[in-house]
2 protein chains.
Amino acid sequence: MVRKTKAEALATRNLLLDTAERLFFERGVSKTSLADIAKAAEMTRGAIYWHFKNKYDLLQAMMERVRLPPETLLEAPVENAPLQAMRDYAVKMLRDTATNPRRRRVLSIMMHRCEKNEDEAKALTVRQQAAFIDCTSHIRLCMTTAVKLELLPANLDTDKATTMYLALLFGLISNWLFLPDNFDLEADAEALTDAFFPMLHHSPSLLK
Amino acid sequence: MVRKTKAEALATRNLLLDTAERLFFERGVSKTSLADIAKAAEMTRGAIYWHFKNKYDLLQAMMERVRLPPETLLEAPVENAPLQAMRDYAVKMLRDTATNPRRRRVLSIMMHRCEKNEDEAKALTVRQQAAFIDCTSHIRLCMTTAVKLELLPANLDTDKATTMYLALLFGLISNWLFLPDNFDLEADAEALTDAFFPMLHHSPSLLK
DNA sequence: CAATAAACATGCAGTCATGTATGTTTAAGC
DNA sequence: GCTTAAACATACATGACTGCATGTTTATTG
C-alpha cells in the first residue's frame, strides 16, 4: 500500500502537518511525541521521518505555512500613506488572528506552547527573532516616512513610537490568545488599532 | 552527611530553586531534567524529591518567589489618584523587570520558556490566568474610578482602555525579554508608560 | 516491461527521565 | 544518652521517545 502518487504524498504531508498543528496546540510541543502525531494521523512514524528530518523540522514546516512576507500584508503604499499602511497591517493581523483558525493555532503554538531554548529549537528562535527584527525595521521605516511627510510631529522619537506599536500589536495578540474571553479581538480590532495613532501626536514623552 | 539543621535545609531548598531558575532560563523547562538541576546544584535527585513533589511543584515554587500581590506595587491610593496608581504600577513593573535579574529570569521562563498545555502544567496555566484576570479587574477599577473622578472622559470605554493598558504593559515586557537589545527598557520605562495616558483623552475610538 | 526509487511500515537498540523504595547519617526532643 | 525522624543519597524498575536500519509495495521511467 505504498508508493503513492505525488499528489497523494503531498496530501499525506499536509495531513501530518495538520495533525501536528492540532496536537501541538492541544498538548504543547514538548508533550507531543512523533508517535502521537503519527497515530492521530493514522500513519506511522516512518511517514513523518520520510517527509521531515525530525520533530523540529516538522515544527518549522508547520510554522512556515502561516509565514507571510510583510509585503503581502502591507498593501497600502508605504511611501505615500505610511500611517494607512501601519493601520491596515495591524487591523489585518488582529482580524486574521481572530478569524483564521490556522493562524490562531500556529501563533498560539509559537507564543505559548513552544519553548525558546539554546539547543535544538534555537534555529526556530533565531528565525522568529529575525522575523521580529524585520517587522521592527519595517514599522520604523513607516514611522520615519510619516514624519518626513509631516503626517507625524517632526520631533517624534520614532524608535520609541515603533516600540510602542509593536508592544501593542503583539501584546494584544498574545493576551487574546492567552485568554480569548477577555475581549472580542475581531469586533474591536479596528477600534483598538485606531486608538494608537493619536498617541503619536499627543504624548509629550514620545517627542525628542 | 545528612540531617542538617533547619537553616541548612532551607539553604538547600533555596539553592535548588536558584539552580532550577538558572537552568530553566538557559535551556527551557522541558529540556531541563531533575538530574540536570541536582547535578548543577551538586546534590542528588533525592534532595529535590524531598523538598518538592515533582518537577512542576518545583517550578511553581520557583514562580511563587517572584509573585507579589498587586497591592504591594500599587502604593498610590487607588481611590484618590487612580491614574497615578496605574502609572506607578507600570513603571515599577518595567523597571523591576529590567533591573531585577531574578524577576527577569522568572518572567522569561513564564513567558518564553514554559509551555501552556492541558495536562501536568495545566495548574500553572490556570494560576497564571487567574493572576492575569486579577490584574485586569484591578486596572479596570482604576479606569472606572478615574472616570468617576473626572480624570478621564466620561464616555471612555473602560474595557477597551483596560485592554490597551495590559496589552502595552505585557507587550513591552514580552518583547523586551525576547530581544533585550531592541530597546532600553530601564531607561525608557517612564517615557513609554507616560506615552499611554494621553491616548485615553485623544482617541475617539476609545469612547462609547 | 523491467528496473528503479518513491513513499511509506515495521522492528530494534539505546538513551534518558521519572518515581519510588530503601539506605544512611545526624540534629532534636526527652 | 537514646530514640526518632528529618534531610538527604543511592539504587532500581519502568516506561517513553528517538533514530536508524531494513522491509515492502507500487508509480514511474526509459
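Within every chain, numbering begins at 1; the chains are lettered A, B, ... in the order of the sequence lines, protein sequences first and strands thereafter. Excluded from the calculations below are hydrogen atoms, water molecules and symmetry mates; all remaining heavy atoms, backbone and side chain alike, are included. Just so you know, these numbers come straight off a predicted model, no measurement behind them.
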- Task: Return the residues of residues 34-60 of chain B meeting this criterion: a heavy atom under 4.0 Å from some atom of DNA chain C. Order them by number, or give none.
- Result: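 Result for residues 34-60 of chain B: B:Leu34, B:Arg45, B:Tyr49, B:Asn54, B:Lys55, sorted by number.
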- Task: Give a yes or no on whether a salt bridge exists between A:Glu26 and A:Arg113, defined as a side-chain N under 4.0 angstrom from a carboxylate O.
- Result: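 No, no charged N to carboxylate O under 4.0 Å.
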- Message: With a 4.5 Å cut-off on side-chain heavy atoms, are B:Met62 and B:Ile109 touching?
- Response: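 Heavy-atom side-chain distance check passes, below 4.5 Å.
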- Task: Measure the shortest side-chain to side-chain distance between A:Arg67 and A:Arg127 over non-hydrogen atoms and say whether it is less than 4.5 angstrom.
- Result: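 Yes. Closest side-chain heavy atoms under 4.5 Å.
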Among all residues two or more places apart in sequence or in another chain, which pass the side chain to side chain contact (heavy atoms under 4.5 Å, CB included) test with [X]?
{"X": "A:Lys53", "answer": "A:Asp57"}
{"X": "B:Ala20", "answer": "B:Phe24, B:Ile37, B:Leu58"}
{"X": "B:Thr193", "answer": "B:Arg87, B:Ala90, B:Val91, B:Leu94, B:Phe197"}
{"X": "B:Leu207", "answer": "B:Pro153, B:Asn155, B:Leu156"}

- Message: Based on the rotation axes of five pairs at each end, what angle does the helix from C:dC1-D:dG30 to C:dC30-D:dG1 bend through, to 10°?
- Response: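 Computed from the C1' atoms at both ends, the axes differ by 20°.
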Just the atom pairs and distances: protein N or O near nucleotides 2-4 of chain C's N or O, under 3.5 Å.
none

Quick one: salt bridge (charged side-chain N to carboxylate O under 4.0 Å, His left out) partners of [X], sequence neighbours excluded?
{"X": "B:Arg104", "result": "none"}
{"X": "A:Glu186", "result": "none"}
{"X": "B:Arg65", "result": "B:Asp18, B:Glu21"}

- Given atom NZ of A:Lys6 and atom C1' of D:dT29, what is their separation to the nearest angstrom?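 After rounding, the reported distance stands at 13 Å.
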- Nucleic acid contacts of residues 11-31 of chain B, taken as heavy-atom distances under 4.0 Å to DNA chain D: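 By residue number: B:Thr12.
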- Task: Please check if atom NZ in B:Lys208 has more than 12 non-hydrogen atoms from other residues, nucleotides or ligands closer than 6.0 Å.
- Result: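 Count over threshold, so yes.
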Contacts under 3.5 angstrom, residues 161-178 of chain A side chains, donor-acceptor by atom type, not counting sequence neighbours:
residue  : atom : partner  : partner atom : Å
A:Thr162 : OG1  : A:Thr158 : O            : 2.7
A:Thr163 : OG1  : A:Asp159 : O            : 3.0
A:Tyr165 : OH   : A:Met86  : O            : 2.8
A:Ser174 : OG   : A:His112 : NE2          : 3.4
A:Asn175 : ND2  : B:Leu166 : O            : 3.4
A:Trp176 : NE1  : A:Pro180 : O            : 3.3
A:Trp176 : NE1  : A:Phe183 : O            : 3.3

